[in-house]
Amino acid sequence: MQHSLTAPRPTHAPQATRRKARAVAVAAALAAGLGFSALSAPAVQAADNPYQRGPAPTNASIEATRGPYAVSSTSVSSWLVSGFDGGTIYYPTTTADGTFGAVAISPGYTAYESSIAWFGERLASQGFVVFTFDTNTTVDQPAQRGDQLLAALDYLTQRSSVRSRVDASRLGVMGHSMGGGGSLEASKDRPSLKAAIPMTPWNTDKTWSEIRTPTLIFGAENDSVAPVASHSEPFYSTIPSTTNKMYIELNGASHFAPNSSNTTIAKYSISWLKRFLDNDTRYDQFLCPLPTSALYIEESRGTCPLR
């Protein structure tokens, strides 16, 4: 009995091996015929989104003061431009990744470019071209600042020394205070913009039903210049629910929170720009579910899931 039980083993093992080999060959042929494999999945994903830039994000990577890209900058003289008063362009130094989405940033009432300069390298190092600029006068109103944001983008894409690095179809605007109100004005005037980020925005116009641009508004809990109840909150609530939008109120912050390096503002601005300038859904995880933080965020609202 022992021999009859053990004798088949030498013949069964090769048959099993042959069956396994045939199964592997069939699977390989099928994968080749369908044009994919486990190793090629990242390439397929990259092909699906040609605008994706940089490595997969983590919470640490978007909170860092510098992203994965080395950055250069160039000054733009006020003598060489019209519609705004000159500024600074920050951009990734590499040309290996193709073109990048771009964002123009306006300062607030009575303020200068220096008040929003910290955004330059921080955003550009994440894979954007960033244009911080001075307004024609420091007392320009939101509608004027909206026009200047658009003039800055037009200069950036049409005349600047780095225009070949910019994808003119992927543009956004940001602004502080009246510059934030200006970013709403720019979005209303140019619906083709892909993203807007008003920061503690101020504007006499309280209703924005015309906005179709994905908009992230930062309010500040202790803002006495543009109180959230009469500015950020009605701005947010009147943007149509069919538009991707989000509101983040900074816990204990003042109107001037965007004027110095702020990890919360940077983190969610990067995520918003990545999502809507680059169509990069890898950043959805930082926006939906809505962000919460007892230490830094008083409240948040938004149209999750993002479309």
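Numbers here are sequence positions counted from 1.
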Open item on the list: Less than 4.5 Å apart, side chain to side chain, heavy atoms only: is that true for Y51 and D280?
Closed with: no
Open item on the list: Side-chain heavy atoms nearer than 4.5 Å, only ILVMFWY residues, links allowed to pass through others: does that put W118 and Y268 together?
Closed with: yes
Open item on the list: Please evaluate residues L290 and M246 with respect to the criterion side chain to side chain contact (heavy atoms under 4.5 Å, CB included), reporting the C-alpha separation (whole Å), side-chain torsions for both, the decisive distance (0.1 Å), and the verdict.
Closed with: CA-CA 9 Å; L290 292 172; M246 184 169 289; 3.7 Å; yes
Which atom pairs, one a donor and one an acceptor, fall under 3.5 Å between side chains of residues 74-83 and the rest of the protein, sequence neighbours left out?
unit_1: S77; atom_1: OG; unit_2: W79; atom_2: N; d: 3.1

Open item on the list: With rounding to the nearest 0.5 angstrom, report the OG1 to CZ distance, T58 to R282.
Closed with: 11.0 Å
Task: Contact summary for I270 and F128, nearest pair of heavy atoms - done: O-CZ, 4.3 Å
Task: Polar side-chain atom of R53 near backbone of P50 as donor-acceptor pair, under 3.5 Å - done: yes
- [ ] Report yes or no: do Y283 and L273 belong to one cluster of Ile/Leu/Val/Met/Phe/Trp/Tyr joined by side chain heavy-atom distances under 4.5 Å?
- [x] yes
Task: Same apolar cluster: I217 and W272, side chain cutoff 4.5 Å - done: no
Open item on the list: Measuring only between side-chain heavy atoms, which start at C-beta, is V166 closer than 4.5 Å to Y91?
Closed with: no
Task: Side-chain heavy-atom pair T200, F256 within 4.5 angstrom cut-off - done: no
Open item on the list: Nearest 0.5 Å, please: how far is CG in L156 from OG in S161?
Closed with: 9.0 Å
TODO: Taking R145 for its side chain and G180 for its backbone only, find out whether a donor-acceptor pair lies under 3.5 Å.
DONE: no
Task: Joint hydrophobic cluster, L287 plus M199, side-chain heavy atoms closer than 4.5 Å - done: yes
Open item on the list: Parallel, tilted or perpendicular: which one describes the rings of Y155 and F84, with boundaries at 30° and 60°?
Closed with: perpendicular
Open item on the list: Closer than 3.5 angstrom, by distance alone: can the side chain of Y236 be matched with the main-chain N or O of T215 as a donor-acceptor pair?
Closed with: no
TODO: Quick one: closest heavy-atom pair of A196 and S183, and the distance?
DONE: CB-O, 4.4 Å
- [ ] Please check if the side chain of T238 supplies one atom and the backbone of W208 the other of a donor-acceptor pair under 3.5 Å.
- [x] yes
Compile the donor-acceptor pairs under 3.5 Å between side chains in residues 96-106 and protein atoms, sequence neighbours left out, one pair per line.
unit_1: D97; atom_1: OD2; unit_2: Y69; atom_2: OH; d: 2.5

TODO: Identify the heavy atoms of P291 and I248 that sit nearest to each other, and give their distance.
DONE: CG-CD1, 3.9 Å
TODO: Please report the C-alpha distance between S269 and F218 in whole Å, then the side-chain angles of each, then the deciding distance to 0.1 Å, and finally whether the side chain to side chain contact (heavy atoms under 4.5 Å, CB included) criterion is met.
DONE: CA-CA 9 Å; S269 295; F218 286 102; 3.4 Å; yes
- [ ] Look only at the side chain of E221 and the backbone of N251, and say whether a donor-acceptor pair between them is shorter than 3.5 Å.
- [x] no
TODO: Look at the side chain of K245 and the backbone N and O of T303, then say whether any donor-acceptor pair between them is shorter than 3.5 Å.
DONE: no
Using residues 119-126 as the side-chain source, report each donor-acceptor pair under 3.5 Å to any protein atom, sequence neighbours left out, with the distance given to one decimal.
unit_1: E121; atom_1: OE1; unit_2: R66; atom_2: NE; d: 3.2
unit_1: E121; atom_1: OE1; unit_2: R66; atom_2: NH2; d: 2.9
unit_1: R122; atom_1: NH1; unit_2: S261; atom_2: OG; d: 2.9
unit_1: R122; atom_1: NH2; unit_2: E63; atom_2: O; d: 3.1
unit_1: S125; atom_1: OG; unit_2: G67; atom_2: N; d: 2.7
unit_1: S125; atom_1: OG; unit_2: E121; atom_2: O; d: 3.0
unit_1: S125; atom_1: OG; unit_2: R122; atom_2: O; d: 3.1
unit_1: Q126; atom_1: NE2; unit_2: S61; atom_2: O; d: 3.0

Open item on the list: Does any part of the side chain of R307, heavy atoms only, come nearer than 4.5 Å to the side chain of P214, both counted from C-beta?
Closed with: no
Task: Heavy-atom closest pair, residues D154 and R190 - done: OD1-NH1, 3.0 Å
- [ ] Report the residues that fulfil side-chain hydrogen bond (donor to acceptor under 3.5 Å, both in side chains) with T292, sequence neighbours left out, ordered by chain and then residue number.
- [x] none
Task: Spacing of T207 atom OG1 and I239 atom CD1 [to the nearest 0.5 Å] - done: 11.0 Å
Task: Main-chain N/O of L277 paired with R170 side-chain donor or acceptor, under 3.5 Å - done: yes
Task: Min side-chain heavy-atom separation N136-Q144 under 4.5 Å - done: no
Task: Distance, nearest 0.5 Å, that separates CZ of F276 from CG of L216 - done: 9.5 Å
Task: Heavy-atom side-chain contact between S160 and I89 under 4.5 Å - done: yes
TODO: Evaluate the ring planes of F235 and H231, with Trp represented by its six-membered ring, and classify them as parallel (under 30°), tilted (30 to 60°) or perpendicular (over 60°).
DONE: perpendicular
- [ ] Without swapping roles, check the side chain of D284 against the backbone of R275 for a donor-acceptor pair under 3.5 Å.
- [x] no
Task: Taking every non-hydrogen atom, the tightest pair across P305 and C288 - done: CA-SG, 4.3 Å
Open item on the list: Taking the side chain as everything from C-beta on, heavy atoms only, tell me whether Y109 gets closer than 4.5 Å to V139.
Closed with: yes
TODO: Quick one: pull up CE in M178 and CD in Q141 and give me the separation to the nearest 0.5 Å.
DONE: 4.0 Å
Task: S187 side-chain N/O to T213 backbone N/O, donor-acceptor pair under 3.5 Å - done: no
Open item on the list: Considering only residues two or more places apart or on different chains, which pairs with a residue in residues 67-112 satisfy disulfide (SG to SG under 2.5 Å)?
Closed with: none
- [ ] Go through the steps for Q52 and K274 under the test side chain to side chain contact (heavy atoms under 4.5 Å, CB included), then give the verdict.
- [x] CA-CA 8 Å; Q52 183 174 298; K274 284 287 188 180; over 6 Å; no
Open item on the list: According to a hydrophobic-cluster definition based on side-chain heavy atoms being under 4.5 Å apart (Ile, Leu, Val, Met, Phe, Trp, Tyr only), do L150 and F131 belong together?
Closed with: yes
TODO: Identify whether the distance between the nearest side-chain nitrogen and carboxylate oxygen of K194 and D167 falls below 4.0 Å.
DONE: no
- [ ] Starting from the C-alpha separation in whole Å, work towards a yes-or-no answer on side chain to side chain contact (heavy atoms under 4.5 Å, CB included) for D189 and D147.
- [x] CA-CA 9 Å; D189 293 342; D147 291 341; 3.9 Å; yes
- [ ] Compare every heavy atom of P234 with every heavy atom of A229, then report the nearest pair and how far apart it is.
- [x] O-CD, 3.5 Å
Open item on the list: With heavy-atom distances below 4.5 Å as the criterion, would you say the side chains of E249 and S232 are in contact?
Closed with: no
Open item on the list: Quick check against the 3.5 Å criterion: does N49 have a side-chain atom that pairs as donor or acceptor with the backbone of N279?
Closed with: yes
Open item on the list: Run the side-chain hydrogen bond (donor to acceptor under 3.5 Å, both in side chains) test against N244 and tell me which residues pass, sequence neighbours left out.
Closed with: none
- [ ] Give, for atom CD of E233 and atom CD of E299, the distance between the pair rounded to the nearest 0.5 Å.
- [x] 5.5 Å
